[in-house]
Amino acid sequence: MAETNISSGGRPTLPMQGVPQPSRDEVLNLPRVHISTHPVMAHKMTALRDKNTQPPEFYRLVKEIGALLAYEATSSLALDRLPIETPMGPMIGQRLAGGIGVTPILRAGLGLAEAFREVIPDVQVWHLGLRRDENTLQAMEYYNQLPHRVDLQVCYAVDPMLATGGSAIDAINILKRRGIPRLSYVGIIAAPYGLLKLAQTHPDIDIFIAALDESLNDRGYIVPGLGDAGDRQFGTV
Ligand code: PRP
Ligand code: URA
């Protein structure tokens with residue numbers, strides 16, 4: 001992913017320094033990329049980004065934003081017919097078809113996964129731990145609880161921050177190896193750099209985000225962004 005930039009003494013420097021980045025306008029109309037334009041989302045995003053928003057409120061907002069994203073990302077799911085009886089008589093209802101999975105990329109993806117569970121209580125949750133090395137910006141897998149038996153029709157990889165795209169690309173690679181027929185990525189904020197990398201590497205997935213920001217800073221953080229999504233959710237700032 002991002003070019004590394006380690007000084008001769010082995011001391012880490014600024015991994016994104018001097019790395020060319022696409023502009024926001026260059027990635028606005030990528031195929032299969034869905035960026036929210038909903039005013040309620042914009043309202044909640046402002047509260048989320050505010051540096052004065054404390055972890056309990058931050059986590060609550062991640063879940064609310066996640067529920068809106070889940071609603072959007074699941075809008076084309078297949079349905080089966082389901083005959084039921086209402087108090088007034090029989091009718092043919094509908095239910096979601098097939099297994100639906102959500103893969104939180106730990107740890108920051110946990111709030112979004114919880115939001116998916118609130119929207120669709122019987123989703124399977126497949127935990128995947130990826131940690132971004134802050135010096136090289138490479139993602140490293142440290143935890144994998146993906147089941148051996150795959151009975152999903154669709155799986156959503158969820159993670160609030162799409163920065164260089166390394167974590168998201170690796171997560172989708174890992175899920176693809178499981179042979180799940182349909183995959184999507186759901187995030188809160190993307191940088192143009194990571195969004196372009198993810199869309200180019202995995203053109204066969206849908207990408208849903210709440211906001212597209214301006215750029216990455218030299219350390220690989222999204223600007224204006226919201227800081228560290230994991231720390232802000234779990235109070236480890
Ligand atoms: C953050 C974030 C993403 C990743 C994004 O996680 O939640 O997983 O960085 O960066 P990338 O697009 O450049 O890969 P981090 O590795 O800091 O772990 P955490 O969730 O435990 O805080
Ligand atoms: N991870 C975060 O939590 N925030 C960023 O801005 C980039 C990566």
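Residues: numbered from 1 along the sequence shown. Whatever order the structure lists ligands and atoms in, that order sets their numbers, starting from 1.
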Colleague: For ligand 1, which atoms sit closer than 4.0 Å to a heavy atom of Met161?
Modeller: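 It comes down to these atoms of ligand 1: 3 (C), 5 (C).
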Colleague: Which parts of the protein, at residue level, reach under 4.0 Å of ligand 2 through a heavy atom?
Modeller: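 Within 4.0 Å of ligand 2, the protein residues are Arg132, Met161, Ala163, Gly220, Tyr221, Ile222, Gly227, Asp228, Ala229.
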Colleague: Between the side chains of Ser76 and Arg182, does any donor sit under 3.5 Å from an acceptor?
Modeller: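 There is such a pair between these side chains.
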Colleague: With a 4.0 Å cut-off on heavy atoms, is Asp159 touching ligand 1?
Modeller: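 Judged by the 4.0 Å heavy-atom criterion, Asp159 does count as contacting ligand 1.
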Colleague: Can you check whether a protein heavy atom sits less than 4.0 angstrom from atom 6 (O) of ligand 1?
Modeller: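 Protein heavy atom within 4.0 Å of atom 6 (O) of ligand 1: absent.
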Colleague: Against ligand 1, does Gly165 come closer than 4.0 Å with any heavy atom?
Modeller: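 Contact check Gly165 vs ligand 1: positive.
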Colleague: Short list, please: which atoms of ligand 1 are under 4.0 Å from a heavy atom of Ala108?
Modeller: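 What qualifies from ligand 1 is 7 (O), 20 (O).
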Colleague: With atoms numbered from 1 as shown, which atoms in ligand 1 lie under 4.0 angstrom from a non-hydrogen atom of Arg107?
Modeller: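 Those atoms are 19 (P), 20 (O), 21 (O), 22 (O).
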Colleague: Just say parallel, tilted or perpendicular for the rings of Tyr143 and His127, cut-offs at 30° and 60°.
Modeller: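 Tyr143 vs His127 ring planes: perpendicular.
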Colleague: Suppose I only count heavy atoms of Arg131 and a 4.0 Å limit; which atoms of ligand 1 are within that range?
Modeller: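 Atoms satisfying the 4.0 Å criterion: 16 (O).
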Colleague: In the complex you have, is atom 1 (C) of ligand 1 within reach of the protein, judged by whether a heavy-atom distance drops under 4.0 Å?
Modeller: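 So atom 1 (C) of ligand 1 lacks protein heavy-atom neighbours under 4.0 Å.
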Colleague: Would you mind running through ligand 1 and noting each atom that sits below 4.0 Å from a heavy atom of Gly166?
Modeller: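 Listed by number with element: 12 (O), 14 (O).
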Colleague: Residue-level breakdown please: for Leu106 versus ligand 1, do any non-hydrogen atoms fall below 4.0 Å on the side chain, on the backbone, on both, or on neither?
Modeller: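 It is the backbone that touches ligand 1; the side chain stays farther off.
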Colleague: Judged by atom type as modelled, is there a donor-acceptor pair below 3.5 Å linking the side chain of Thr74 to the main-chain atoms of Tyr71?
Modeller: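 Yes.
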